[in-house]
Amino acid sequence: MTSLTALSIASEIFPLIKTGGLADVTGALPTALKAHGIAMRSLVPGYPAVLGGIEDPQQVHSFADFFGGSARLLAARCDELDLLVLDAPHLYVRPGNPYVGPDAKDWPDNALRFAALAQAGAWIGQGLLPAYAPDILHAHDWQTGLVPAYLRYSGRPGPKCVFTIHNLAYQGQFPYELLEQIGLPKAAFSLDGVEYYGGIGYLKAGLQLADRITTVSPSYALEIQGSEAGMGLEGLLRLRAGRLSGILNGIDTKVWDPSADELIPATYDVETIGARGRNKQALQARFGLRNEPNTLLYGVISRLSWQKGLDMLLEVLPGMLAEGAQLALLGSGDAPLEEGFRTAALKYPGQIGTVIGYDEALAHQIQAGADALLVPSRFEPCGLTQLCALRYGAVPVVARVGGLADTVVDANEMAIATGVATGVQFSPVTAEMLAKALTKTRALYADQPTWRNLQINGMTTDVSWKNPAQHYAKLYRELVDA
Ligand code: ADP
């Protein structure tokens, strides 16, 4: 096995900076790839959380004027991660989220902030740093969609580029007038370049110009070639279908390990699954729910956005409660949804508990204590919470879309009879079908031996990065050998 070097370029990386699943992926992949002879470094913007969390930073390059200010590249580490940090205070040293300011609006210079990240990645690929020549650049989501554009239009040789779509809904579209400022030539502004509906499309550029496109599940790779999930890019994706593939995400099975999780009250494994009862009791207490060991307790851990379908859950709550269930919801996002779940908790005390916010420890406690985890997404490129749920014995109840369809085995009669079922799927994604799925879940829960089988099948499913890493390694090698 020959060894290869790859540079991952992304706007988030766990554990330093995370707003969603993207960070989990970019944080876990480098370690998983080591077993396949791939040495992956990760380029990440120098947000305050990144600069504050890295170990042993060493300056390896400086730019006198980089997108309107001075900047440096720092080589650093964070646990097992081998990092390059783009320290450009004028672009990244700001409070809060990587994308939006305290007023919840996108930073007005996001076009420049992420063009800078992509430009730095492309230059590193082309030999900016002495003695470092990555064989592959791996760019993620719209923030780094310009990486292959910078490679292409520089006119200089560079490595092959893989571009991964984690979510097609965020496209990074900016006015044409910025073309010069982001350092791209006029020639780049064409149908087969970065042009997108009259402006500059960062995601579009990645899809158009990368050597290979991946997305995070086989089902989503198919769905995005159709008009419903394609979000305007389905035509381009169909054209490039031969270069497009779906590779499921895994989860970090050390971070998510119910037998050694320090964030949960009682650890357990398949042999000691009964200990989940203590976690359920603690969770009920934490969410102000009635202490009822035999009441079906649903958990939700989610961004509160249209994508996640939780407005449908609000619609079906009365029926769900009438069937005798409880809900513990952790999430943050759109104000009407936050308000909806806050109000529901007030209206149904003891039955519904809501925590609005982002809380990593509580996410673990929900996975360890809830009987079932609800993920009614309208679309879901991969989804990570259902993978964690499988590992923790919280039976996933999911919409049959994208990665949810690919990772949960529906408890239909055949799957139950053959002992392979791990959860409940519903389709089409409507409130009516969600309500039916809840009724079905209720019936499964009432049959405790079957329920226990669902839990154990889930807990013994391989949700690690082992298989996905093998697929990425194969893809990199194919590209390098091509
Ligand atoms: P997305 O990336 O679309 O938000 P994913 O399911 O792919 O959805 O990944 C979400 C990740 O963020 C999971 O690791 C999940 O546990 C975590 N997460 C989401 N919302 C919260 C929250 N409010 N508190 C803690 N963790 C959360």
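On a predicted model such as this, the values are computed, not experimentally measured, just so you know. Counting starts at 1 for both ligands and their atoms, in listed order. What's counted below: heavy atoms across the whole structure, side chains too, no hydrogens, waters or symmetry copies.
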Legend entry - Member of Val147, Leu479, Asp211, Leu137 meeting the side-chain contact (heavy atoms from CB on, under 4.5 Å) criterion with Val162: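 Exactly one pass, corresponding to Leu479.
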Inset, instruction - Give a yes or no answer on whether the side chain of Asn249 reaches the backbone of Val216 with a donor-acceptor pair at less than 3.5 Å. - result: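 Side chain of Asn249 to backbone of Val216, a donor-acceptor pair under 3.5 Å: no, none is there.
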Counting non-hydrogen protein atoms only, what is the nearest one to [atom]? Give residue, atom name and distance.
{"atom": "atom 10 (C) of ligand 1", "answer": "Gly21 N, 3.9 Å"}
{"atom": "atom 15 (C) of ligand 1", "answer": "Thr385 CG2, 3.6 Å"}
{"atom": "atom 22 (C) of ligand 1", "answer": "Tyr358 CD1, 3.4 Å"}

Inset, instruction - Just jot down the side chain to side chain contact (heavy atoms under 4.5 Å, CB included) partners of Ala6, sequence neighbours excluded, or say none. - result: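 Scan of Ala6 (side chain to side chain contact (heavy atoms under 4.5 Å, CB included), adjacent residues dropped) gives Ile38, Met40, Ile136, Tyr476.
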Inset, instruction - Report yes or no: does Lys18 have a heavy atom closer than 4.0 Å to ligand 1? - result: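 Distance cut 4.0 Å: Lys18 passes for ligand 1.
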Numbering the atoms of ligand 1 from 1, which are under 4.0 Å from a heavy atom of [X]?
{"X": "Ser302", "answer": "20 (N)"}
{"X": "Gly357", "answer": "22 (C), 23 (N)"}
{"X": "Gly20", "answer": "2 (O)"}
{"X": "Asp359", "answer": "24 (N), 25 (C)"}
{"X": "Arg303", "answer": "1 (P), 3 (O), 4 (O), 20 (N)"}

Inset, instruction - Check whether any N or O atom of Leu384, backbone or side chain, sits under 3.5 Å from an N or O atom of ligand 1, and answer yes or no. - result: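 N/O-N/O distance below 3.5 Å exists for this pair.
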Legend entry - Pair Glu478 + Lys474, salt bridge at N-O below 4.0 Å: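 Yes, this pair counts.
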Legend entry - Salt-bridge contact Arg113-Asp106 (side-chain N to carboxylate O under 4.0 Å):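 Asp106 and Arg113: not salt-bridged.
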Legend entry - Name of the residue among Tyr196, Tyr170, Phe174, Phe163 meeting ring-ring contact (aromatic ring centres under 6.0 Å, His included) with Tyr202: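 For Tyr202, the ring-ring contact (aromatic ring centres under 6.0 Å, His included) test succeeds with only one of Tyr196, Tyr170, Phe174, Phe163, which is Phe174.
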Inset, instruction - Could you check whether the rings of Phe114 and Tyr99 sit parallel, tilted or perpendicular, using 30° and 60° as the cut-offs? - result: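 The rings of Phe114 and Tyr99 sit tilted, inter-plane angle from 30° to 60°.
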Inset, instruction - From the options Asn167, Asp24, Val300, select the one whose nearest heavy atom is closest to atom 13 (C) of ligand 1. - result: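 Comparing heavy atoms across Asn167, Asp24, Val300, the nearest one to atom 13 (C) of ligand 1 lies in Asp24.
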Inset, instruction - Would you mind telling me if ligand 1 is within reach of the side chain of Lys308, the backbone, both or neither, using heavy atoms under 4.0 Å? - result: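 Looking at Lys308 and ligand 1, just side chain atoms fall under 4.0 Å.
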Inset, instruction - Mind jotting down which residue pairs meet the salt bridge (Lys or Arg N to Asp or Glu O under 4.0 Å) criterion with at least one end in residues 247-263? Sequence neighbours excluded, please. - result: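 Non-adjacent pairs meeting salt bridge (Lys or Arg N to Asp or Glu O under 4.0 Å): Asp257-Arg391.
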